[in-house]
Structures are given as structure tokens and as C-alpha cells.
J.: 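Starting off with a structure, shown below.
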Amino acid sequence: MGVFGYIGKKNAVPILIEGIKQLGFQGFDSTGLAVFEEGRLWVAKSTGKLTELENKVNARTFNSTVGIGHTRWATHGRPCDENAHPHIDCRGDFAVVHNGIIENYLELKEWLLAEGHIFRSETDTEVLPHLIEHYYDGDMDTTVRKILQKVEGSYALIALSCKEPDMLVAARKSNSLVVCQGEEGCYLASNFSAIPEHTKNTYVLEDEEIAILTDNGVNFTDFQGEAKDKILYEVNWDASVVEKDGYDHFMLKEIYEQPKALRDTLGGRLTEEKVVLREVALTPEQIASFNKVAIVACGTAYHAGLIGRTLIERWAKIPVEIDIASEFRYRSPLIDEHTLTVVLSQSGETADTLAALREAKRLGARVVAITNVVGSSVSREAHDVIYTWAGPEIAIASTKAYTTQIEAMILLALFLAQAKGTISQEWIREIITELKKLPDKASEIFKQVSKIQQIASSIKDSACTFFVGRGLDWSVAQEGSLKLKETSYIHAEAYAAGELKHGTIALVTECTPIIALATQRDLYDKTLSNVNELKAREAQVIGITFEGNESFGQAVDEVFYLPETINELAPILTVIPLQLLAYYVSLARGNDVDRPRNLVKSVTVE
Ligand code: F6R
């Protein structure tokens with residue numbers, strides 16, 4: 001989750017501990033550090049609170065002036081001391097801290113094991129120190145460049161060696177890393193917040209760049225070894241903003257992290273023509289034996305499950321039931337060994353979801369969990385786990401967990417359809433191509449944030465709003481309305497657009513903003529006619545649709561156009577303006593955006 005490094009004139013250990021503490025504001029499950037001490041590397045790791053690590057290092061005195069540190073949020077391998085960073089090679093000569101995901105680590109690990117290397121953890125990161133050990137040629141800089149040729153994936157990494165303890169080598173691809181130069185030494189961190197306050201001379205590492213730090217300063221090269229000239233920034237940030245990476249709130253930061261979270265969740269799970277879910281150990285025969293899928297979750301996770309229901313039925317042709325977890329147990333569900341149960345939970349600790357999982361297992365069902373927290377109760381008790389690699393979600397209102405849960409549901413639906421042969425190879429290829437484009441399309445939405453701010457200010461004083469749509473748009477409308485009500489405290493309801501006229505339309509006046517979603521091309525005309533009914537009651541209608549749907553754009557009062565994608569993937573894009581809308585309305589009303597009243601992040605009681 002966070003990497004940190006120091007080389008200079010001062011005692012490295014207290015600096016590393018402070019850096020780790022600052023990185024820890026982003027959430028972590030374990031921490032660790034490595035320093036060069038008395039001719040060798042000294043490594044300490046601990047799971048849980050930082051005080052555990054402090055107790056370990058406080059038990060002795062250090063003279064080290066170089067070291068690396070880490071805060072981990074588990075992805076590959078549960079949270080435990082062995083899986084905490086830094087990771088070392090067989091002899092303990094090289095230590096590495098790493099943020100990101102090494103996508104081809106399984107192949108690399110198999111090869112290194114065959115070469116006689118001994119692994120101590122379940123992580124993807126551990127391949128890095130072993131690769132360095134294998135290729136070390138007396139020069140850390142060229143060795144790190146060499147091993148990066150073998151590695152696929154994303155990383156911000158820092159390597160330390162007892163063979164060249166006068167330097168730190170760092171590299172970046174798709175994960176942030178800054179280098180700061182101070183009077184007393186040089187610092188490296190994945191997040192500027194970890195850098196001591198007085199050190200403001202900062203370089204930002206770009207993709208495929210390497211930094212070599214010594215106590216005399218820092219040099220930069222590209223992956224080919226060509227020297228790079230870097231701009232030196234003088235950073236003067238308010239520390240509380242820095243904690244949130246420059247964003248005013250965690251909710252906004254997490255909304256903007258979605259392109260990365262989406263990319264990471266797809267990482268290593270797609271070839272050009274196939275979904276690869278190594279973590280779901282179901283054979284095609286087992287999949288063929290399921291006559292039903294039962295989806296169970298709460299709140300936002302339930303809304304992601306709604307999308308999963310449509311996609312599993314549409315692609316894998318298996319009937320799906322979906323339940324709110326607190327209702328599931330008490331309606332005596334008809335579940336048995338032919339039911340595939342899918343539970344979704346960001347935290348993996350929601351009491352009702354956990355109870356539903358246990359009930360499904362008791363009834364003999366196979367349980368697949370979709371969760372964001374490695375080692376959580378849900379992940380430990382399910383038969384199979386698909387992790388969403390969204391990173392810690394700190395704001396109470398869930399954003400990046402939702403979009404990555406939908407992505408995980410898409411992967412599962414395709415995986416089941418592939419095994420059953422219910423979907424053509426051509427269609428799978430097209431979906432995969434579009435899936436890979438989604439993170440960039442999600443980024444494009446942020447260019448129109450001023451439009452959302454303007455819509456937010458037009459609805460901020462409303463007493464009641466409706467979110468409407470058909471098909472998958474109705475599922476997203478339910479999440480949009482939850483986001484608005486929980487952050488802004490404005491009454492918001494979601495309706496299937498065709499259902500309004502069966503009663504609810506009586507509530508609609510010119511004071512009722514309606515957010516109408518229209519991304520399902522086969523339902524464009526139907527949704528348009530529902531919008532026309534609402535316009536006839538003088539409602540203010542805000543439309544969200546794909547670029548090119550001009551007739552819809554003209555029918556509504558305000559329109560927000562989304563980059564085009566296929567119908568089934570639309571929910572991931574559609575919800576982003578709704579999340580931003582909730583954020584800006586809440587801000588305009590002066591609410592505590594990250595901690596709305598009466599809510600907690602994880603509901604661990606029934
Ligand atoms: C809303 C929200 C909640 C959670 C729900 C389930 O923004 O965050 O509705 O989605 O409490 O939590 P998890 O996913 O942790 O089981």
C-alpha cells in the first residue's frame with residue numbers, strides 16, 4: 001500500500017517508523033522495515049498495529065543510515081508477518097518493498113523455485129528479491145533494470161542490498177513514487193505525506209523511470225539506463241490535504257482512484273479471448289451442475305450484485321436469485337449443493353453477509369466471495385474468493401469498491417458462460433476488448449466534473465429526488481440514490497422507469513429533480529417516453545446517457561454524456577457521475593462527506 005525509503009546522515013530507523021506512520025493513514029494490515037546494520041540487512045515485520053513494529057525495533061539500538069519501509073494492504077496472500085514487506089532473497093542480501101501487482105509472478109516463481117530459490121511468503125513481491133539475487137552482477141542499478149525486463153504488472157519498488165549499502169534503487173510503473181532531497185538525506189515514498197515536513201524539494205518519478213539514491217543526492221535514468229533530466233518541484237502542501245493525496249476528502253480521492261482500481265482488478269485475469277480466474281477452483285462439470293445462483297449482500301455491494309444477476313442470467317444462462325443478506329436467512333431459501341452462492345462484501349466483515357454465507361454453506365452450497373479485504377472473515381470462510389483490488393476504502397460512502405465489485409461480477413459471469421459454452425467466442429473477445437478500455441473511459445468522465453458541480457448546485461436544496469432507469473440502468477439508479485441520500489441526507493428514491501406511472505408519478509412536481517439513466521440501447525425509446533411523461537409534469541430532468549443519444553439529450557433539461565461502451569459494461573461508467581453528484585451535493589450542504597451521520601464503514605452487528 002505504501003513504500004518508503006531513506007538514505008542520508010541520520011539514524012534511519014526513527015525516520016522509517018515516522019514514514020510508515022504517515023503512510024498508514026491510507027489504511028494497512030501489516031508493516032515492516034529493513035536497514036543495513038553491522039554489515040548485513042536487518043528486517044522487522046509485524047501484523048496489525050504499528051506499535052507492534054515499534055516494539056520490535058525499540059528492543060535494540062541502531063546506527064543505520066539507510067533503510068526501506070512498507071505498509072501493506074494484502075492482495076496476494078493473507079495479512080501475516082511472512083507476507084509483510086520487505087521481502088528478501090534466499091541469503092538475505094537483498095530486500096525489496098513494493099506497491100502494485102506483479103501479474104506474471106506465478107510463472108516467475110515456478111521458474112525461480114526450479115532454479116533452487118526458497119520462498120517464504122505467498123506474495124507476488126517476493127519474486128523481486130529472488131530475481132535480483134539471481135541476476136546480480138555486482139551493480140544494483142543494472143541488475144534492477146535487468147530484472148524489470150522480466151516483470152509484468154505495476155509497481156513502485158525500492159531495493160536495498162548489503163552488497164552496496166551506500167545506495168537505494170527505486171523504480172516505478174503505474175504506481176506513484178516521489179523522491180525528496182533534504183539537508184540530512186534523500187527520501188523516497190509512494191505518497192508525499194510520508195516525507196518529513198521540512199523536506200520540500202521533490203521529484204516525481206514517471207512511468208518506467210529508475211532513481212538511484214545515495215547520501216550525496218539522486219540520479220534518474222529510464223529503463224534502458226539513459227540519464228533523465230527531472231524537474232525539481234518545491235512542494236508546499238497543507239499536511240491534512242497531503243494525507244488525502246491532495247484531495248479534500250477521501251470520498252473524492254477514492255472516486256478518482258477508480259481507473260487504477262479497475263485496472264488492478266482486471267490485472268492478470270484476462271487474455272485476449274478468455275477470463276482466467278485461477279482463484280475459483282470450479283471445474284466445467286461442477287459449473288454445469290449448478291441449477292441456480294444465489295447472490296447475497298448488503299447496501300452498495302447488493303447493488304453490484306443486481307448487475308451480476310442480469311449478467312449471469314444473460315451470459316451463463318443460469319437462473320439467479322438475489323437477496324439482501326439480512327433477509328436471506330429468514331426466508332428459508334431453497335439452497336442446496338446445486339446452488340452457487342455468491343456473497344459480496346467490501347469489508348468482508350458485514351455480520352449479515354457473513355451469517356448468510358454460513359447459512360448457504362450449512363445448506364450444502366458452494367460459496368464464492370467477492371471482497372476487497374484479504375484475510376477478512378468472508379474471505380476465510382468462502383470456498384473461493386475473487387478479490388477486488390481497489391485498495392483500502394476509507395470514506396464511509398462506498399465508491400471504488402462498487403465499480404470493482406461490478407467488474408468482478410462481470411469476470412465471474414463470463415467465466416461461468418465460458419465454461420458452459422453459452423456465449424460465442426467472438427462476443428467474449430469483444431467484451432474483453434471493451435473491458436480493457438474501461439479504466440481510460442472512466443478517467444475521461446473526470447474531464448466533465450464542472451458539469452456535475454453545476455447540476456449539484458441546482459439540486460442541493462431539493463427535498464426529494466428520483467433516480468430512474470430500465471434494465472441495468474435501474475440497478476445503477478438504486479446505487480445513485482443510496483449515494484445521494486447517505487451523503488447529502490436528501491430523500492432519494494430509485495424506480496424502474498416504467499413503474500413510475502403505477503403510482504409514484506403522483507409525487508412529481510416542478511420541484512422534483514429526476515436523474516434519468518439511459519445507457520441500454522435496446523431500451524432507449526422506452527426510457528425516452530418515460531422521460532416525456534415526467535417532463536409533462538414539469539419535473540426537472542437530468543439525463544445521463546451515451547454520447548450520440550441526441551434525442552434523449554434534447555428531451556431532458558441537462559444532459560451528461562458518457563464515453564460509449566457496450567450495454568453490459570455501462571454501469572461502471574454510469575455510476576461515476578452519480579458518485580460525483582452525491583459528493584458535490586453533500587459538500588454544498590456542508591455535510592461531513594467522509595463520515596455521514598449515523599453510519600459506520602462496516603456493520604458488524606445484525
Ligand atoms: C454505502 C455502503 C454500504 C455498504 C454495506 C455493505 O455506501 O458503503 O451500503 O456497501 O454496508 O458493506 P460491505 O460491502 O463491507 O459488506
Side-chain angles (χ1 to χ4, degrees), residues 27 29 73 249-255 258 261 265 295-308 322-328 341-358 360 367-382 385-409 467 475-490 492 494 571 575-576 578-583 585-586 591-606:
D29 53 50
W73 174 264
H249 297 95
F250 282 110
M251 183 179 174
L252 191 62
K253 172 174 178 271
E254 288 161 9
I255 292 172
Q258 288 178 110
T265 300
I295 299 178
V296 194
C298 299
T300 289
Y302 170 81
H303 296 153
L306 290 172
I307 315 277
I322 177 160
D323 278 275
I324 290 169
S326 54
E327 292 292 316
F328 179 76
T341 302
V342 182
V343 299
L344 296 103
S345 174
Q346 184 285 129
S347 61
E349 300 297 345
T350 300
D352 286 317
T353 310
L354 195 55
L357 181 159
R358 289 177 182 154
V367 180
V368 175
I370 294 177
T371 182
N372 196 36
V373 182
V374 177
S376 57
S377 305
V378 159
S379 78
R380 287 198 309 270
E381 297 195 27
V385 187
I386 304 173
Y387 287 109
T388 50
W389 289 334
E393 199 179 57
I394 291 169
I396 284 190
S398 186
T399 53
K400 60 180 181 171
Y402 173 72
T403 42
T404 52
Q405 279 161 354
I406 299 177
E407 214 177 33
M409 288 279 9
F467 287 69
S475 304
V476 181
Q478 294 178 59
E479 174 58 10
S481 90
L482 175 62
K483 257 343 50 124
L484 188 68
K485 67 184 126 188
E486 70 178 331
T487 56
S488 74
Y489 319 143
I490 294 177
V575 78
I576 295 175
L578 303 183
Q579 296 167 339
L580 286 165
L581 184 68
Y583 173 79
V585 173
S586 165
N591 295 352
D592 186 346
V593 179
D594 284 336
R595 285 184 203 84
R597 68 187 181 204
N598 307 340
L599 296 174
V600 291
K601 185 66 187 156
S602 174
V603 185
T604 52
V605 289
E606 281 192 45

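Position 1 is the first residue of the sequence; numbering continues from there. Just so you know, ligand 1 is whichever comes first in the structure, and atom 1 is the first atom listed for that ligand.
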J.: Return the residue, atom name and 0.1 Å-rounded distance of the protein heavy atom closest to atom 6 (C) of ligand 1.
T.: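 Here the nearest protein heavy atom works out to C298 O, 3.4 Å.
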J.: S398 and E393: side-chain hydrogen bond (donor to acceptor under 3.5 Å, both in side chains), yes or no, with the steps?
T.: CA-CA 7 Å; S398 186; E393 199 179 57; 3.0 Å; yes
J.: When you check the side-chain N and O atoms of Q579 and T399, is any donor under 3.5 Å from an acceptor?
T.: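 Not at all, the side chains of Q579 and T399 share no donor-acceptor pair under 3.5 Å.
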J.: Among all protein heavy atoms, pick the one closest to atom 11 (O) of ligand 1 and tell me residue, atom and distance.
T.: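 Its nearest protein heavy-atom neighbour is V603 CG2, 4.3 Å.
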J.: Between N372, I370, T350, which one has a non-hydrogen atom sitting closest to atom 12 (O) of ligand 1?
T.: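 Considering heavy atoms of N372, I370, T350, the nearest to atom 12 (O) of ligand 1 sits in T350.
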J.: Pair L357, T341 - check side chain to side chain contact (heavy atoms under 4.5 Å, CB included), show working.
T.: CA-CA 8 Å; L357 181 159; T341 302; over 6 Å; no
J.: If we ignore hydrogens and angles and just use 3.5 Å, is the side chain of K485 paired with the main-chain N or O of A492 as donor and acceptor?
T.: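 Confirmed, K485 side chain pairs with A492 backbone.
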J.: Can a donor-acceptor pair be found between the side chains of K400 and T388 at a distance below 3.5 Å?
T.: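 Short answer, no.
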J.: State whether the shortest distance between N or O atoms of Q405 and N or O atoms of ligand 1 falls below 3.5 angstrom.
T.: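 By distance alone, the answer is no.
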J.: Heavy-atom distance to atom 15 (O) of ligand 1: which of A304, A401, S347, P596 wins?
T.: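 That would be S347.
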J.: So if I count the atoms of ligand 1 from 1 in the order they appear, which ones are less than 4.0 Å from some heavy atom of A301?
T.: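 This gives 10 (O), 14 (O) as the contact atoms.
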J.: With a 4.0 Å cut-off on heavy atoms, does I396 reach ligand 1?
T.: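 I396 counts as a contact of ligand 1 under the 4.0 Å cut-off.
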J.: Does T353 reach ligand 1 with a nitrogen or oxygen that is under 3.5 Å from one of the ligand's nitrogen or oxygen atoms?
T.: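 N/O-N/O distance under 3.5 Å: no.
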J.: Considering non-hydrogen atoms of the protein only, which is the closest contact for atom 7 (O) of ligand 1, and what is the distance?
T.: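 Checked against all protein heavy atoms, atom 7 (O) of ligand 1 sits closest to E486 OE2, 2.6 Å.
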J.: Quick one: pull up CZ in F467 and CG in L578 and give me the separation to the nearest 0.5 Å.
T.: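 Going from the CZ atom of F467 to the CG atom of L578 covers 6.0 Å.
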J.: So which heavy atom on D594 is nearest to which on A395, and how close?
T.: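 Looks like OD1-CB, 3.6 Å.
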J.: How far is atom 14 (O) of ligand 1 from the closest protein heavy atom, and which atom is that?
T.: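 Ranked first by proximity to atom 14 (O) of ligand 1 is Q346 N, 2.6 Å.
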J.: For ligand 1, which atoms sit closer than 4.0 Å to a heavy atom of A397?
T.: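 Taking each heavy atom of A397 in turn, ligand 1 has 7 (O) under 4.0 Å.
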J.: Return the OH to CD distance between Y402 and Q405, rounded to the nearest 0.5 Å.
T.: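 Between Y402 OH and Q405 CD, I get 9.0 Å after rounding to 0.5 Å.
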J.: Could you tell me the residue and atom name of the protein heavy atom closest to atom 3 (C) of ligand 1, and the distance to it rounded to 0.1 Å?
T.: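 Nearest protein contact, heavy atoms only, for atom 3 (C) of ligand 1 is T300 N, 4.0 Å.
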J.: Looking only at heavy atoms of K483, does any of them come nearer than 4.0 Å to an atom of ligand 1?
T.: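 Under 4.0 Å: yes for K483.
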J.: Does some side-chain heavy atom of Y302 sit less than 4.5 Å from a side-chain heavy atom of I322?
T.: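 Side-chain contact under 4.5 Å: yes.
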